[in-house]
Amino acid sequence: MPNLGGWEIVILVGVLLLLFGAKRLPTMARSVGQSARIFKGEMRGLREEGPAPTVDAQPPAPTAALPVVAGEAGTTAGAAAPAKDQVA
């Protein structure tokens with residue numbers, strides 16, 4: 001963005017006054033300032049958080065899959081088969 005001199009700022013403020021009116025400009029400036037403060041705070045928080053620390057420890061060894069027993073192939077772990085005598 002080019003550097004704005006004194007006359008450019010005066011012309012810009014004049015155009016903004018014509019477009020939005022004198023009553024609305026302070027409210028708009030306040031909301032822009034508040035948004036900038038929130039954005040800076042979030043960026044500061046991200047910088048303080050930083051990247052996740054790396055640990056030089058070896059990764060855990062992969063676990064082996066448990067063998068499937070022939071009689072239990074269709075059932076899930078922890079679920080009991082329904083009794084034949086019970087009526088739903």
Side-chain angles (χ1 to χ4, degrees):
M1 194 162 108
N3 293 334
L4 296 177
W7 284 108
E8 287 90 2
I9 293 175
V10 170
I11 292 171
L12 185 63
V13 169
V15 169
L16 289 174
L17 276 172
L18 288 173
L19 287 176
F20 298 109
K23 291 181 181 180
R24 192 136 183 206
L25 281 181
T27 306
M28 290 175 54
R30 206 172 299 124
S31 66
V32 168
Q34 185 178 16
S35 298
R37 274 193 302 272
I38 291 170
F39 181 74
K40 285 180 183 178
E42 291 294 325
M43 291 303 292
R44 189 176 302 123
L46 288 176
R47 256 188 251 129
E48 288 174 359
E49 207 172 274
T54 56
V55 179
D56 292 335
Q58 292 184 356
T63 57
L66 296 175
V68 176
V69 180
E72 297 178 7
T75 62
T76 59
K84 292 180 182 179
D85 295 337
Q86 293 179 347
V87 177

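All heavy atoms count here, side chains included; hydrogens, waters and symmetry mates do not.
Tracing side-chain contacts under 4.5 Å through hydrophobic residues (I, L, V, M, F, W, Y), one reaches L19 starting from V13; they form part of the same cluster. Under the 4.5 Å side-chain heavy-atom criterion for Ile, Leu, Val, Met, Phe, Trp and Tyr, V15 and I9 are members of the same hydrophobic cluster. Both L17 and M28 belong to a single network of hydrophobic side chains, linked directly or stepwise wherever heavy atoms of I, L, V, M, F, W or Y lie under 4.5 Å apart.
Heavy atoms only, all atoms of each residue included: A22 and P26 are closest at O-CD, 3.2 Å.
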Name the atoms and distances for all side-chain donor-acceptor pairs under 3.5 Å in residues 36-45, with sequence neighbours left out.
none

